[in-house]
Protein chains: 2
Amino acid sequence: MLMSVTIKDVAKSANVSVATVSRVLNKKSNVSEEAIQAVNSAVQALGYSPSFLGRDLRKSETRRILAIIASTEQSFYSDVIRGMEVAAFSQGYDVLIATTHDVPNHEMHLLGMLFSRAVDGAVLLGPKLDAATINSLGEKHNIAMCLERLDNCNVLTVTIDNVKAGRDAVNYLIRKGHKKIGLITTLQRSQSSIDREIGYKLALKDNGIPYNEDYVYFGGYETEQGMRGCEYLMNLPSPPTAIFSISDIIAIGAMNYALSKGYRIGKDLIFMGFDNIQYSHMFVPHLSTVEQPCYAQGKLVIEKLIENMKATNPDHNLYTLPHSLVLRESTGD
Amino acid sequence: MLMSVTIKDVAKSANVSVATVSRVLNKKSNVSEEAIQAVNSAVQALGYSPSFLGRDLRKSETRRILAIIASTEQSFYSDVIRGMEVAAFSQGYDVLIATTHDVPNHEMHLLGMLFSRAVDGAVLLGPKLDAATINSLGEKHNIAMCLERLDNCNVLTVTIDNVKAGRDAVNYLIRKGHKKIGLITTLQRSQSSIDREIGYKLALKDNGIPYNEDYVYFGGYETEQGMRGCEYLMNLPSPPTAIFSISDIIAIGAMNYALSKGYRIGKDLIFMGFDNIQYSHMFVPHLSTVEQPCYAQGKLVIEKLIENMKATNPDHNLYTLPHSLVLRESTGD
DNA sequence: TTGTATGCGTTATCAC
DNA sequence: GTGATAACGCATACAA
């Protein structure tokens with residue numbers, strides 16, 4: 001489209017060498033004031049913008065990091081991305097986002113940008129690839145995971161302790177005086193769902209309540225599935241009086257059903273969600289939920305990833321950040 | 001991190017020249033079966049992945065397109081992005097997303113990726129830069145706008161007719177028998193908001209209803225502002241019986257207020273939103289709204305943008321795609 | 001069918 | 001303080 005103006009053109013126009021132009025552009029110290037002026041006005045006049053293609057090749061770095069997410073639909077990622085951007089930007093990196101739509105092959109395709117050095121590093125937010133694959137990639141490339149951990153995965157990871165979070169959530173429901181606790185979770189297993197389920201069971205055990213598999217509904221991530229889950233649970237011979245859902249979206253669906261059947265939410269029936277999405281305090285009644293530190297997780301994972309890019313000995317640890325309960329009307333608070 | 005294996009290493013290992021390696025990798029026809037085998041097994045053995053840094057510089061194209069959005073919070077962008085990706089992918093392009101968080105300077109910084117040829121083109125979804133700036137960028141670079149148009153902007157744009165959409169929405173409320181129509185819009189002006197307001201006024205005029213500025217509330221994009229707007233409108237001496245909001249988020253806030261005051265939504269008071277976000281049919285009562293063809297807009301803008309990249313004579317037209325009304329409980333449907 | 005050589009736009013090393 | 005020039009990794013024109 002544009003007959004590219006290069007550093008050579010600027011050099012010619014400013015009557016200096018390309019080396020000097022490069023020095024000015026990169027703000028090196030040893031260059032005369034005259035040269036600086038000459039170069040700057042030439043740059044201005046020609047509308048020159050240095051090509052990253054040349055620069056990146058020469059320096060063999062791009063200062064770009066790729067965040068790979070399922071889709072932009074989960075508004076919940078927003079704060080994570082923001083944390084990533086702030087951390088990256090402060091060190092001169094840009095964050096680019098790409099979406100997989102849950103297709104493992106496409107996730108691999110995007111990781112190709114990493115293998116091909118189009119980006120310096122990648123962060124996976126909820127990968128669909130298996131641990132073994134990610135492990136082998138992690139040996140050769142700068143890669144990290146955020147929000148979601150993987151069992152037996154030896155890759156830098158920042159997440160929360162989902163077991164403890166699930167446990168805390170359910171313990172709270174029990175402390176509210178409830179003994180019959182339903183769980184709505186997903187058939188499609190992500191490690192965070194599994195961990196939250198484990199937390200659910202541990203909380204029951206903490207309180208000497210026997211685990212009853214009838215109280216667990218396996219559905220999908222959509223609101224509709226939450227409705228189904230609640231419908232199923234409330235039609236049990238001895239329905240639960242409290243329901244923990246592994247996501248707010250699901251919990252809202254569940255409350256939708258409960259509302260339509262006239263249950264008094266927060267009294268007859270209490271609900272706890274997970275994620276603290278924006279909508280959880282827009283919905284009426286407002287939803288109690290577990291909040292995870294999205295911004296902080298995003299920030300930390302980038303800081304660690306950038307450290308790794310410079311390190312000879314990369315850090316492949318798992319970092320867990322603290323979560324918290326947000327109590328609203330749906331639990332009678 | 002990784003002592004890069006290059007095309008040279010592959011050539012050596014396969015006992016051929018780098019040219020032959022390149023030919024095999026790019027699936028050129030004129031190359032012997034032997035060579036293909038040799039190269040492929042060398043690639044395999046060495047774990048070679050071609051560097052985009054070299055390739056992109058040589059071909060001076062990246063086959064990457066940047067989508068610049070405010071943030072990933074508006075789940076509403078999701079389908080647009082999806083349309084963009086499908087269109088791009090089918091032509092061998094990747095779509096990368098970057099967020100501005102409404103900071104014009106950061107938008108400019110991201111456009112730097114375009115100037116510096118780190119991407120071949122960019123799509124702005126709701127730019128914060130002014131028309132003059134974007135115009136001048138559009139002369140030299142492959143750039144397009146989507147979802148949001150700008151007055152006097154001579155840049156490829158794909159959007160809907162927001163004037164007509166607003167007009168249709170309000171006309172529907174009037175056809176439902178309402179004459180006192182409130183409008184909740186935003187103080188911070190985007191062209192789409194302005195256009196929807198114009199549509200509101202035109203619909204009133206269509207029906208011989210005088211415009212009353214008391215019926216218009218200017219707030220922000222958040223749910224809370226929708227509540228305020230509704231509160232304001234319903235406390236007027238002669239409150240409206242129908243409320244049009246320029247976004248679903250705002251409309252949900254407005255309904256929140258109405259619910260809390262005991263109005264019977266869909267009967268005493270009807271609501272129309274805009275965008276058809278996922279929440280609009282999760283909220284109870286379900287929200288009537290205006291749907292825009294997100295996927296189609298994303299798809300079209302990329303198709304046109306890629307055409308432009310090849311064209312000597314780029315297309316700077318404005319394309320408007322059809323919207324539709326989605327009728328639910330909030331309008332008594 | 002294959003190899004050699006050049007150049008893409010930078011930055012960095014080295015002489016001056 | 002400055003200017004040649006090599007090198008980054010690749011694709012391709014040209015020769016063979």
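Owing to the predicted nature of the structure, the values given are computational and were not obtained by experimental measurement. Throughout, protein chains are lettered first and strands after them, A, B, ... in sequence-line order, and every chain is numbered starting at 1.
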Undergrad: Could you state the atom-to-atom distance from NZ of B:Lys8 to C1' of D:dA7 in whole Å?
TA: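 The answer, rounded to whole Å, is 9 Å.
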
Undergrad: Keeping the roles fixed (side chain from A:Gln297, backbone from A:Pro293), state whether a donor-acceptor pair exists under 3.5 Å.
TA: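 Yes.
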
Undergrad: Could I get the full list of side chain to side chain contact (heavy atoms under 4.5 Å, CB included) partners for A:Ser51, not counting sequence neighbours?
TA: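 Here the qualifying residues are A:Leu53, B:Arg117.
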
Undergrad: Taking only residues two or more places apart in sequence, or in another chain, which ones meet B:Asp315 in a side chain to side chain donor-acceptor pair (under 3.5 Å)?
TA: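 Scan of B:Asp315 (side chain to side chain donor-acceptor pair (under 3.5 Å), adjacent residues dropped) gives B:Asn317, B:Tyr319.
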
Undergrad: Tell me the interatomic distance from A:Asp56, atom CG, to D:dC10, atom P, rounded to whole angstroms.
TA: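 In whole Å, D:dC10 P lies 14 Å from A:Asp56 CG.
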
Undergrad: When you measure from the side chain of A:Ser13 to the backbone N and O of A:Asp9, does any donor-acceptor pair fall under 3.5 Å?
TA: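 Such a contact is absent between A:Ser13 side chain and A:Asp9 backbone.
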
Undergrad: How would you label the contact of A:Ser32 with the nucleic acid (heavy atoms, under 4.0 Å): base, sugar-phosphate, or nothing?
TA: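 Contact class for A:Ser32: sugar-phosphate only.
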
Undergrad: So, A:Ser192 and A:Ser190: side-chain donor and acceptor under 3.5 Å apart, yes or no?
TA: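 The criterion, which ignores hydrogens and geometry beyond distance, is satisfied for A:Ser190 and A:Ser192.
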
Undergrad: Applying side chain to side chain contact (heavy atoms under 4.5 Å, CB included), name anything that partners B:Ser71, two or more places apart in sequence or on another chain.
TA: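 Expected list: A:Ser78, B:Glu73, B:Gln74, B:His101.
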
Undergrad: Ring pair (Phe, Tyr, Trp, His ring centres under 6.0 Å) with B:His109: which residues, sequence neighbours excluded?
TA: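 B:His109 satisfies ring pair (Phe, Tyr, Trp, His ring centres under 6.0 Å) with A:Phe89, B:His106 once adjacent residues are dropped.
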
Undergrad: Just checking A:Leu57: base, sugar-phosphate only, or nothing, at a heavy-atom cut-off of under 4.0 Å?
TA: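 Base: the residue A:Leu57, judged by heavy atoms under 4.0 Å, touches a nucleobase.
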
Undergrad: For the helix from C:dT1-D:dA16 to C:dC16-D:dG1, what angle lies between the axis at the first five pairs and the axis at the last five pairs, to 10 degrees?
TA: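 Between the axes fitted at each end of the helix from C:dT1-D:dA16 to C:dC16-D:dG1 lies an angle of 40°.
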
Undergrad: Hey, is CD on B:Gln188 packed in by over 12 heavy atoms from elsewhere, all under 6.0 Å?
TA: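 Open.
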
Undergrad: Heavy-atom nearest nucleotide on DNA chain C for B:Ser17 versus B:Ser60: which residue maps closer to 5'?
TA: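 Looking at DNA chain C, the more 5' nearest nucleotide goes with B:Ser17.
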
Undergrad: With sequence neighbours left out, what residues match B:Asn30 under side chain to side chain contact (heavy atoms under 4.5 Å, CB included)?
TA: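 B:Asn30: side chain to side chain contact (heavy atoms under 4.5 Å, CB included) contacts with B:Arg23, B:Lys28.
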
Undergrad: Could you pull out all residues at least two apart from A:Lys299 that satisfy salt bridge (Lys or Arg N to Asp or Glu O under 4.0 Å)?
TA: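 Testing A:Lys299 for salt bridge (Lys or Arg N to Asp or Glu O under 4.0 Å), a comparison that skips the adjacent residues, returns A:Glu303.
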
Undergrad: Along DNA chain C, 5' to 3', what are the outermost nucleotides having an atom less than 4.0 Å from a heavy atom of chain B?
TA: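 On DNA chain C, the outermost contacted nucleotides are C:dT1 to C:dG9.
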
Undergrad: Can a donor-acceptor pair be found, under 3.5 Å and without considering hydrogens, that links the side chain of A:Asp102 to the backbone of A:Ala70?
TA: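 Checked: no pair found.
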
Undergrad: Could you check A:Phe52 against B:Val31 and say which one's nearest nucleotide on DNA chain C is further toward the 5' end?
TA: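 The residue mapped nearer the 5' terminus is B:Val31.
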
Undergrad: Sequence neighbours excluded, which residues qualify as salt bridge (Lys or Arg N to Asp or Glu O under 4.0 Å) partners of B:Arg64?
TA: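 In terms of salt bridge (Lys or Arg N to Asp or Glu O under 4.0 Å), with neighbours along the sequence ignored, B:Arg64 is linked to B:Asp56.
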
Undergrad: How would you list all residue pairs meeting side chain to side chain donor-acceptor pair (under 3.5 Å) that involve residues 125-136 of chain B, not counting sequence neighbours?
TA: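 Qualifying pairs: B:Asp130-B:Thr133.
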
Undergrad: List the protein contact pattern of nucleotides 11-16 of chain D with one symbol per nucleotide (5' to 3'): B for base contact, S for sugar-phosphate-only contact, - for none; contact means a heavy-atom distance under 4.0 Å.
TA: BB----

Undergrad: Please list residues of residues 36-47 of chain B whose heavy atoms come under 4.0 Å from any atom in DNA chain D, ordered by number; otherwise none.
TA: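 The answer is none.
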
